[in-house]
Amino acid sequence: MLFQGAHLNNSLKPRLWNIPISALSSERVLKRWQGSGLGFVFVLNIVGAIGLAMYKFLLQRLVQGVLVMLVVAFVAFAIFHFLGDPVNNMVGESATDADREMVRLQLGLDEPIVVQYIKFVGNILQGDFGISYRTRTSVIEQMAARLPATIELSLVSGFFSILFGIPMGIYCALQPKSWLTRNFLVGSLVGISIPTFLSGLLLIYLFSVTLGWLPSQGRGGLISFGWWDTSLLTLKGWSYILMPALTLCIYQLTLITRMVRAEMLEVIRTDYIKFARARGLSNYIVQYRHALKNSLVPVVTIIGLQLGTVVAFSIITETVFNWPGLGQMFIQSIEFVDIPVMSAYLIFVGAFFVVLNLIVDLIYALVDPRLRAA
Amino acid sequence: MEHNNSHSQGVQQVPQMQKMTLIRKIADSDIFYSFCRSPLIVFAAVLCLSLVLSALFAPWLAPYDPFDQSSLSLWAANLAPLSTDDDGFFYLMGTDNQGRDILSAIMYGMRTSLIVGLAAVAFALVLGTSLGLVAAFFGGWVDSLLMRIADIQLSFPAILVALLIDGVAKAVLGSSQMESLAIYVLILAIGLSEWVQFARAVRAAALVEQRKEYVQAARIMGVPVPLIMLRHILPNVISPILVIATISIAVAIITEATLSFLGVGIPQTEPSLGTLIRVGGNYLMSGEWWITLFPGLTLVLLVLSFNLLGDWLRDALNPRLK
Amino acid sequence: MMNLKSIANLSLKGAAFGAALLLATQIQAANTLRWSSAGDALTMDPHAKNETPTINMNRQVYDTLIQRDENLNMEPGLALSWEPLSATSWQFNLRSGVTFHDGSAFSAEDVKFSIERAQANTSDFKAYVNTIESVEIIDEHTVVINTKSPDPILPSYLTFVFMMDQTWSLTHKVSSPQDYNSSEETYAVRHANGTGAYSLAEREPDLKTVLQINPNYWGPAAQIETIIHTPISSAPTRIAALLSNELDFVLDPPIQDLKRLNAQQSIKVTSVPQIRTIFLGLDQGAPTLRSNPDLDNNPLADKRVRKAMYMAIDIKAIQQKIMRGLAEPAGIITAPGVNGYNKALDTRLPFDRKQAKELLAQAGYPEGFKIRLDCPNNRYINDEAICQAVVSMLSKIDIKVSLNAQPKSIFFKTIGNNDSDFYLLGWGVATLDSEYVFRYLLNTRSDKIGTWNRANFSNAEVDQLIAKIQQEVDLTKRDQMIEKVWQITKEDITYLPLHHQVISWAMSSKLSLPIVASNEPLFRLATYKK
């Protein structure tokens, strides 16, 4: 019941259905922090203020995070053994039953699942994710080769949703009765009502096949920095990322527009904005200096947290646009029952979210006075 | 008005009066006012209602039975919209690659999609609400356990959770039983991926109510806990639940379509909208656009109407935005 | 600070940016061939994976002693000539002056090494070399291969045994194919050193493979300098890439798209019957049906039932509507071009629903019965659609079929576990000899032979004939026995053949690339029109 206060504030305010409430709570906390006027000084004080309770709390969360990872790994590991028999995919059609049995023995698939799982976790703890059943290449290398594609797609998509979402949200809050506001709000709803796989195909059909403006698939215009290949430094690279990123950003765009609008509407109603107006400050200063600034901090936090969701959503976008990222790798590995790759992906996603949640918890802890002083 | 009924029928008078006042109440309410004022919402409601009704009455309204294998003729496959086959059957929206009438397939497919969507949300609602109430009332380790589970689950996107649950079900049931049980598994998978929203909203509201003196008083008077929950707390959380539910239906329908698109959803012999779009997608480049476009359009309209209604409800029920 | 004006500015900039992107459409590099297929080669180790896409890629880089030309006729590869010395030994005279991509010379040592490597426990090509007893090196350019028993189709098998460099393999510790037990990637998975017309320049599994022309190739010089393969799993995306000129060649265009592709001026489509036959399997050996516990016997054991199911299938409709004409209705599970095929055998029972109903009634099932059809949904051309059509056709003679369509990984597990009464399967004939069909599909099932005989068909005469066919060196006698086996299985209606698959390739109309029935493109024969 650590954050009861935060939840209480939320309770009667069902504004946004799709924001994780944990995120909302942090938003609330952040706002309190902003509103209290402590602001920057507060941050400076934090480092010195970490108390015993805080360590205990963080340790507790860390242990929980590890437990979550173990559960995720086990679930991943157990179900993949029933998705199909990898052995049939691994040997050719001319193989005899004896050959199959041999491969099964070599992979240790005859051992009880619990034993296999313990070995699997043991190997991972030693940094050994094994090799793919399908391509016989190192899983970690395979993931490293695909990570930049997914990260860049998520970032660009996030960037687009901010670029369009924040101005749209501001406009909707400031001009609630304008026809453009209605179009923004309804249009974004139409956007999230079209499934990604359908909008992706339609975009390809329009911009690649019919108009021939943009490449339909893949990733091009790459420039390498060590193991990281980026497509963001060339115009050609952007021509590849444009359609997948737009498809992927629609959901976040809708979310951000609505969030900014709601935050702005609320901040505008608060006393200190009213007071600022009463003081005779111009509309411009009131709206942008005060209202916008106070609305943006929580929004930006949540956008950061939502990056994780984008990574998972990219499974479908990557498949449609043949974007060589982790999501595409995951779908391919499901088809082949490539257990090491599937497990590694799920563990990656799990770890990603656990880390994001830890960061949220950390922020909580830093701003919750009950946790600071020992 | 209440004098319309003769006094001898006084027994029936009371419910009648209540009914009248209820309608009255609705007609006078802010919500109804805001509903009537927005032609878009009226349109969304009409659209939603007509889609749901045409799905509900598909067996009577649809021109053909797309599930009746013995009535299908492969020779009538891939006909364009508005065409007639050799046996004189007319197809308004054309036929798919098995000779199935697209219009009928859409009506039946929407039925499947709606059943999955509604059932999954109902499941999530009941589960989430009960767990939320339990967490709020018992507090302590029950509360932390439930909220931790919710945290963990929230950290995984619904589509991944549903994929995992689907995988577990396949593992437990074996592939051959999966076919007949696929729809229940989907309901379970989507429902389990959405309960957290409900649980959190209900828990938070319940925590507020619980502090209030009348609840404390009821507790002291020895009113059983479940009764307090149902009588006093539940009514206070209906509006957030309503909003979450409406939007969740839209999310559930899209999730089902996406899962079917990834090939882990409803089997092709009794297709949902998502399955129809997946199969039809293979024909998009070849010029047989009607196989995927009509089901796609229906899905978008269906989801959009729920989203519009939910979005409007959220604003209409939010006292701060008035 | 943003205001509305700056927002408007931003969107203007966005539009300008979009316009600039129009210039970004691809310009095709001279003499490069960009191609795609749904899946990638799984490994570059030439003995690790017996699977068509993998063999495809390896064949550009590695050579075999004997190879097949675009018409699938055998021609000298790394062996200039070969002749039987006795019933159980063959002499191969090797080409001289051949070098591997790294410059080292190809010799008899490498042949012995490669064949033994293909025989290793971890090899997936054992079936092609398991009759070989030993490889003797006579001199630098001559080897003798001794077999355990007479093996008339050894040359045909050797078209699948790629030749590696012994020194290179030893240096990089890849003297045997990847061991599934090891948790490390071996060098040969991403690197290759062959004698082929192309060398491996870049390999990122599942993402990109780049081949460069081999200037020292022993055969006629290839014309295309660079070959880039990108796997694209989504078919509409693959076709969109071809239509928008991002690709020059697509190996596996969906058949429904061919008409549209053909209508494009910049694209042409070529088709050829493939050596693969699609058929339905019926388990006649099981005592009862697994998918119908209500029946206390197995209706499929009754030949009349099998015949009724055969005659209920409207193969013309499947060919026209599902396969869009790109399939040849089949009477036996082997395609033209395979030894033992003849037109007279490849005839079907007529489609006759009325007679089918009568046959069912005679067999004691006037009301039909329930059964489950197991079907892959990502293995053969339109596999799931074919199964759906079969379900609908059989329901018209009151056999109520439930369809269980699954990805191949699960489907093959079902088949492998002998868990299916009724299934759809395709069979390709790698050796181009009927024996390859008999050995896997018709011989009584045991550990070593008859592994895909899930019809659980068992016929002593057929087993004896197969044993003789495997050792008969007199080709006329052998062909007679092959025909006999085909007649027995046709008479028995062991399987319900559907059609021979036809493969189609779609490519830029500037590209000339002969289509091959084995579905293996020979890029060394490709040219661009000027």
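A donor-acceptor pair under 3.5 Å is formed between the side chain of Thr95(B) and the backbone N or O of Ala76(B).
Phe279(C) and Pro497(C) get closest at one heavy-atom pair: CB-CA, 3.7 Å. Taking each heavy atom of Pro231(C) and Gly39(C) in turn, the nearest pair found is CB-C, 4.0 Å. Summarising the geometry of Asn298(C) relative to Asp283(C), their closest heavy-atom pair is ND2-O, 2.9 Å, with the distance given to 0.1 Å. Heavy-atom minimum distance, Glu256(B) versus Ser272(B): OE2-OG, 2.5 Å.
Contacts between Pro254(C) and chain B at a heavy-atom distance below 4.5 Å are absent for every atom of the residue. Contact annotation for Ala405(C): neither backbone nor side-chain heavy atoms come within less than 4.5 Å of a heavy atom of chain B. With a 4.5 Å cut-off on non-hydrogen atoms, Leu258(C) does not touch chain B at all. For Arg238(C), no part sits under 4.5 Å from any heavy atom of chain B, backbone or side chain. With a 4.5 angstrom heavy-atom cutoff, Asn78(B) touches chain C only via side-chain atoms.
Listed in order of number, the residues of residues 263-271 of chain C that approach chain B to under 4.5 Å between heavy atoms amount to none.
Rounding to the nearest 0.5 Å places CG of Leu425(C) at 11.0 Å from OG1 of Thr277(C). Of the inter-residue distances, the one linking Ile247(B) atom CD1 with Leu308(B) atom CG reads 9.5 Å to the nearest 0.5 angstrom.
For chain B, the option among Lys396(C), Lys321(C), Met393(C), Lys316(C) with the highest count of heavy-atom pairs below 4.5 Å is Lys321(C).
Atom CZ of Phe43(B) is surrounded by 12 or fewer heavy atoms from other residues, nucleotides or ligands within 6.0 Å.
Using a 4.0 Å cut-off between charged side-chain N and carboxylate O, Arg353(C) and Asp314(C) make no salt bridge.
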